[in-house]
Structure formats: structure tokens, C-alpha cells
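The structure appears right after this line, and notes come after that.
Convention: sequence-line order gives letters A, B, ...; per-chain numbering from 1. Every heavy atom of this structure was used, including side-chain atoms; hydrogens, water molecules and symmetry mates were not.
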Amino acid sequence: MARVLTPRAEDFPRWYQDVIAKAELADNGPVRGTMVIRPTGYALWERMQAEMDARIKATGAQNAYFPLFIPESYLRREAEHVEGFSPELAVVTHGGGKQLDEPVVVRPTSETVIGEFMAKWVQSYRDLPLLLNQWANVVRWELRPRVFLRTSEFLWQEGHTAHATEEDARAYARRILHEAYEDFMVNVLAIPVVVGRKTARERFAGATNTYTLEAMTGDGKALQMGTSHELGQNFARAFEIDFLGASGQRELAWTTSWGVSTRMVGGLIMCHGDDNGLRVPPALAPIQAQVMVVKDDANGEVTSAARKLADALRDAGVRVGVDERVETPFGRRAVDAELKGYPIRLEMGPRDLAAGNVVLVRRVNGSKTPVPLDNVVALVHQALEEDQKALYEQALQFRQSHTAEVATVDEAAEAAATGWARIPWSAVGVEGEAALNARGVTVRCLVREDGTVPDSEDEPGLIAYAARSY
RNA sequence: CGGGAUGUGGCGCAGUUUGGUAGCGCGUCCGCUUUGGGAGCGGAAGGUCGUCGGUUCAAAUCCGGCCAUCCCGACCA
């Protein structure tokens with residue numbers, strides 16, 4: 001077979017680009033750093049949205065929409081926030097053919113506008129907690145864009161909440177972290193993530209505490225798949241989000257924000273892809289089973305049988321596609337299905353039909369098995385379930401075999417050349433972190449020894465994950 | 001933003017050293033034969049050679065500016 005993609009081992013970034021192009025996921029936009037998400041790629045994002053949206057709503061948050069344009073003065077109200085974001089802001093200075101009195105910023109994130117309206121809507125402790133989410137695009141001017149992983153404009157979900165107490169805000173930030181994000185990544189994306197706490201250096205601009213979920217990519221780097229922040233009272237103070245407490249006292253609210261983005265599509269490619277293209281976990285896949293007419297006879301019997309099979313699968317709750325383009329050579333279509341990572345292909349030709357069979361092909365392990373038509377539905381369900389687990393196990397195995405336990409900063413930097421390093425945080429510290437950064441390595445997050453998320457970076461016995469990252 | 005590399009039909013490239021008016025593979029379109037892992041034969045369409053300027057009788061080719069992409073770094077969610 002002709003080589004379709006650059007092999008991963010030969011040139012990983014090139015392979016990543018190839019997958020995106022050949023699987024028709026995205027194109028570069030005309031403006032540097034922008035991307036066009038093509039239907040195949042967008043379908044993945046829509047599935048992510050659907051799964052995430054359900055989880056977010058299950059925690060009690062409601063969707064709303066805030067404007068793209070933000071008065072520049074809003075950004076300035078929170079000192080750390082503006083300092084963190086000003087280098088990557090897109091600023092509109094003209095509108096309607098005239099210079100604007102006050103420049104308008106294209107949102108890099110919406111803490112500020114939402115803070116302004118929270119202040120308006122929150123009067124009493126009875127108005128809390130206020131749990132909002134929005135699906136939107138944001139713009140952060142990027143110096144070094146990479147499709148899906150880091151683009152100047154991207155799509156995401158940003159949640160913003162206000163609470164009466166610090167404990168409540170913290171509990172909610174953590175609830176999103178685990179119940180929405182971790183659950184989604186593990187059970188839908190089949191990507192194992194290390195859930196931890198960012199160091200002060202890596203914290204979100206304006207947050208008092210940033211939680212993160214880190215995935216290992218196929219080249220041993222780290223990719224931040226999502227974040228949840230405790231914002232303390234920083235934004236409440238800046239935007240006067242206050243309320244009358246039960247005792248009649250005026251109090252400042254405690255806010256949080258949290259987000260996941262189209263970067264997860266990049267994570268999906270980099271965690272599960274192989275030399276033949278994308279491998280989409282069944283729980284996510286827009287098309288779980290692709291029914292393929294290999295070739296047909298004069299009466300079109302194979303095509304009708306394929307449609308019937310597709311209907312049966314659909315009725316059984318399988319997301320199914322049908323490829324009956326028999327005028328296109330089969331090999332081409334098979335390669336295309338592999339590139340796009342459909343978990344299962346059901347290949348059917350006249351010979352199979354005569355035998356009452358269909359060939360079940362699994363993307364994850366490449367197996368091809370002829371199975372009786374009247375048993376397909378059950379076998380498809382079983383294969384989807386097994387392959388969902390297999391992808392997770394493979395990714396976990398990979399991460400474990402590429403994670404080193406080390407004791408010194410030097411060893412950590414060395415280990416980061418090929419994977420991740422776990423090192424006692426006490427052996428790193430602020431100075432060690434700077435030394436790692438100088439060598440292109442960052443502390444991705446801190447976790448407790450039992451894997452749980454610490455409340456403070458000063459807790460004794462913490463473990464730091466160090467790695468190169470995207 | 002710094003260093004390096006690259007920009008030539010939709011995609012991948014040759015041609016640039018030594019200036020002479022653009023070629024190959026894939027894809028696309030038409031026809032026939034094909035179709036169980038990127039089909040074969042025949043025919044056709046498609047390019048102001050990234051862009052702007054300079055040198056020259058003549059520029060894809062030489063010189064300069066700009067833009068874009070990729071790699072490495074810096075910056076940063």
C-alpha cells in the first residue's frame with residue numbers, strides 16, 4: 001500500500017499535520033494562526049460539546065451568551081489578569097469608519113464582562129450560587145500556532161460561577177474538574193489524565209488556584225486538556241460582585257471559571273492516532289460503525305442489504321454511516337475510513353451476502369472477522385465496548401512506560417526528553433522550576449502521593465510532574 | 001519576537017548553482033475497461049512560479065523589502 005502519512009516515529013509534528021490534512025479535519029485559515037474546522041473535524045467537536053454540555057448541566061450550570069467585544073477598561077480592572085493577557089490581545093480600534101473612543105478587546109476569556117453582569121444580578125445570598133456557562137469563540141494572538149492545539153481563535157466552553165463562600169467555590173471548581181472534565185476525558189475520550197494543581201508560576205492570570213488535567217501525547221509531551229480555576233475574591237473585588245448575607249452584612253462573592261476547548265481535538269489525535277491515521281474512541285465517534293459496500297451485483301442487492309444492516313444498527317443505538325460509493329475503488333474507501341478513525345467497519349460484498357456474512361473490521365487492533373449477519377448488532381456492541389477500553393488501556397500503558405520516577409531536577413530534565421518525570425516537589429521548588437523552564441521543561445502540575453489534588457502547593461509530600469508541553 | 005528551512009496548477013515535488021518564457025507524480029474532468037486494501041489505458045482542463053520592488057534585451061532563476069508555512073527557542077493558556 002502506498003504511504004499515506006509520514007510515520008509517527010519519523011517526524012511526529014509532520015505526522016500530526018498529515019493526519020489533519022488527510023482525514024480532512026481542518027485547514028489553515030487565511031489569517032495566520034486561524035483554522036478552518038472541516039465537517040469531519042467539526043463532527044468530533046460537536047460530539048465533545050454534546051457530552052460536555054450534558055455533564056456541565058448536570059452540575060447545575062446554565063448556558064448563556066456574553067458579547068465578543070469587551071471594553072478595554074474591563075480587562076484593566078484586575079491587575080494580574082490584564083498583565084497575563086495583554087500580550088495576546090486583539091484590540092479593535094476602529095468601528096463604523098471612525099476611531100473608537102475606547103478601544104474594544106476581542107475576548108480572550110470572559111471573566112471581566114461576566115463579572116460586570118454578575119455584579120448586577122447578584123444582590124442577595126439567595127442569588128447564589130450563580131452558575132453560568134457559555135459556548136463561544138475566543139481570541140488569543142498566538143506567536144506559534146498549531147492547528148487545534150494553539151490557534152489565535154478557538155472554540156471553547158467557559159464556565160463562570162459565583163458563590164457565597166470560599167469552600168463552596170472550591171468545591172464547585174473541583175466538582176467540574178472531576179465530574180465533568182475528568183469523567184469526560186477518561187470515559188469518552190479514553191484519555192488518561194493526571195489531575196492536579198498548577199504551581200504559582202503556571203497559574204491562570206488572576207486566579208488564586210488553578211487545577212489542570214494533563215494528557216500525554218504520542219511523543220511523550222504533556223498537553224493541558226482543561227482547567228478549572230478558583231478566582232478567590234479577585235474578580236468579585238474588581239467588579240463589585242457582592243451580596244447581602246443572611247446576617248444582613250455585605251459580603252464579596254467567591255468566583256470560579258473553567259474551560260475546555262477545541263484543543264481536545266488535537267489531544268485526541270495525538271493520544272490515539274497511529275501510522276494509519278486517527279483512532280476515535282467509540283464513545284466519542286460521530287460514526288461508530290461504517291457499513292461499506294465493497295462491490296455490488298447487478299441488482300444492487302448488496303447495497304440494499306447494507307442499508308438494512310445500517311437501519312438495524314441505528315435502531316440498536318449505534319451511530320452508523322453507510323459507504324455505498326461502489327464507483328470508487330474499495331481500497332481508497334478503506335484507507336479513508338482508516339484515516340478518519342471509524343472504530344468499526346462492516347464490509348459487505350456479494351460473497352459475504354451469499355454466505356450470510358459481513359466482515360467486521362476493528363480500527364483499534366486491525367482485526368478482520370467474518371461474522372453472521374444475524375449476529376452483527378450484538379458483536380458490534382461488544383467490539384465498541386472492548387475497543388473503548390483498549391484505547392484507554394493503551395494510552396495508560398504508554399504513559400506509564402514513559403514516566404520516570406526521579407529525585408533531582410537534572411534527572412527530571414533528562415527524563416523529559418522522552419516523556420514525563422515524577423519528582424518530589426520539595427526537590428524542585430521555585431528555583432528548580434526556573435531551572436527546568438530554562439531547559440524547555442515545565443512543571444505541569446502537583447499531586448499528592450495518593451494521586452489526589454492538593455489544596456496548597458505547600459502541603460508536604462507533594463509530587464511534581466515535569467515535562468515538555470504543547 | 002530570535003535562529004534555521006521552505007514557498008512553483010487542489011496536494012507533493014523537480015527546475016534556481018550556470019537567467020532564454022514552466023515540467024513530473026498524485027488528484028480533477030471525459031471515455032472505455034475495472035472494483036474483496038489508495039485500479040489500468042486513452043484523452044483533456046488547470047499555474048501572473050507567495051508578494052512588492054530592483055537589475056537585465058530577457059527573471060521561477062540574480063538582489064532587496066514584505067507575507068505565509070514548518071522546525072528549534074523565547075513568551076503564554
Side-chain angles (χ1 to χ4, degrees), chain A residues 1-6 11-18 20-22 24 27-35 80-81 83-89 108-109 111 138-147 149-152 154 156 158 198 201-207 210-214 222-229 257-264 266 276-277 292-297 302 323-339 345 347-355 357-359 361 366 368 370 437-442 444-445 468-470:
Chain A
M1 189 172 91
R3 184 173 111 161
V4 180
L5 303 171
T6 304
D11 185 341
F12 195 85
R14 182 72 182 267
W15 166 84
Y16 178 73
Q17 294 285 128
D18 282 357
I20 287 168
K22 295 290 175 64
E24 302 174 337
D27 262 334
N28 283 310
V31 172
R32 178 182 163 77
T34 60
M35 65 175 160
E80 279 185 41
H81 191 63
E83 192 188 331
F85 277 108
S86 54
E88 28 184 359
L89 290 182
T109 176
E111 274 76 5
V138 283
V139 168
R140 299 176 185 181
W141 218 256
E142 286 295 345
L143 302 178
R144 194 174 161 188
R146 282 171 189 279
V147 179
L149 299 179
R150 173 179 276 108
T151 48
S152 287
F154 57 90
W156 77 346
E158 53 177 319
K198 284 294 191 191
R201 194 187 184 95
E202 300 285 331
R203 205 182 281 152
F204 175 74
T210 289
Y211 302 110
T212 178
L213 304 96
E214 303 279 332
L223 180 69
Q224 180 170 318
M225 295 282 286
T227 50
S228 184
H229 315 288
S257 69
W258 26 278
V260 295
S261 72
T262 39
R263 169 181 274 189
M264 290 193 297
N276 295 319
M292 304 186 71
V293 180
V294 175
K295 60 184 286 190
D296 210 341
D297 55 25
V302 182
D323 179 356
E324 48 188 55
R325 301 170 296 166
V326 287
E327 69 284 358
T328 305
F330 177 71
R332 169 166 299 277
R333 295 183 285 134
V335 167
D336 186 56
E338 224 145 61
L339 281 167
R345 301 202 301 278
E347 301 180 350
M348 191 188 286
R351 291 209 294 269
D352 304 296
L353 194 59
N357 280 344
V358 60
V359 179
V361 188
K368 299 183 189 182
N437 290 7
R439 296 171 70 171
V441 177
T442 49
R444 303 312 301 164
C445 65
R468 290 168 304 144
S469 68
Y470 280 101

Candidate nucleotides B:U69, B:G36, B:C71, ranked by approach to the side chain of A:N28 - the nearest: B:U69

Minimum-distance nucleotide to A:A334 side chain [options: B:G36, B:G37, B:C71]: B:G37

Aromatic ring proximity, centroids under 6.0 angstrom, A:F204 and A:F85: yes

Separation between the C1' atoms of B:C63 and B:C1, rounded to whole Å: 26 Å

Between C1' of B:G37 and CD of A:E347, the distance in whole Å: 8 Å

Side-chain (A:R333) to main-chain (A:V293) donor-acceptor, under 3.5 angstrom: yes

Residue matched to B:U69 through Watson-Crick or wobble contacts both under 3.5 angstrom: B:A5

Integer-rounded Å distance: B:U35 P and A:E327 CD: 15 Å

B:G36 base / A:D352 side chain donor-acceptor hit below 3.5 Å: yes

Rounded distance in Å - CG (A:D18) to P (B:G12): 9 Å

Interatomic distance, A:L149 CG vs B:C70 C1' [rounded to whole Å]: 14 Å

A:R444 and A:S469 side chains, donor-acceptor separation under 3.5 Å: yes

Whole-Å C1' distance, B:U48 and B:C52: 13 Å

Parallel, tilted or perpendicular: ring planes of A:F12 versus A:W15, cut at 30 and 60 degrees: tilted

For B:C24, the Watson-Crick or wobble partner whose two distances fall under 3.5 Å: B:G12

Under 3.5 Å donor-acceptor, A:R263 side chain and A:L149 backbone: yes

Most 5' of A:Y470 and A:P145 on RNA chain B, judged by nearest nucleotide: A:P145

Exam field: side chain A:S152 to backbone A:E142, donor-acceptor pair closer than 3.5 Å: yes

Gap between atoms CH2 and C1', on A:W141 and B:C75 respectively (whole Å): 17 Å

Base partner of B:U18, which must satisfy Watson-Crick or wobble distances under 3.5 Å: none

Closest nucleotide among B:G37, B:C72, B:G36 to the A:R146 side chain: B:C72

Under 3.5 Å on both distances, the Watson-Crick or G-U partner of B:G37: none

Listed nucleotide nearest any side-chain atom of A:R150, set B:C72, B:G36, B:C76: B:C76

Nucleotide opposite B:U48 in a Watson-Crick or G-U pair, distances under 3.5 Å: none

Given B:C72, B:A39, B:G36, the nucleotide with the shortest approach to the side chain of A:P329: B:A39

Nucleotide nearest A:R14 (side chain, heavy atoms from C-beta), chosen from B:C13, B:U69, B:G36: B:C13

Inter-nucleotide C1' distance (B:U28, B:G54), Å rounded: 39 Å

Given RNA chain B, 5'-ward residue of the pair A:R345 and A:K198, judged by closest heavy atom: A:R345

Base-pairing mate for B:A60 - Watson-Crick or G-U, with both contacts under 3.5 Å: none

Separation of B:G10 P from A:K22 NZ (nearest whole Å): 17 Å

Whole-angstrom distance between B:A44 and B:G27, as gauged at atom C1': 14 Å

No-H, no-angle donor-acceptor pair, A:K368 side chain to B:G36 base, under 3.5 Å: no

Test: A:K198 and A:E214 ion pair at under 4.0 Å: yes

Distance test, side-chain N/O of A:R332 to OP1/OP2 of B:G27, below 4.0 Å: yes

Whole-Å P distance, B:U8 and B:A68: 16 Å

Phosphate-side-chain proximity, A:R333 and B:U35, N/O vs OP1/OP2 below 4.0 Å: no

Protein-nucleotide distance (A:L339, atom CG; B:G37, atom P), rounded to Å: 17 Å

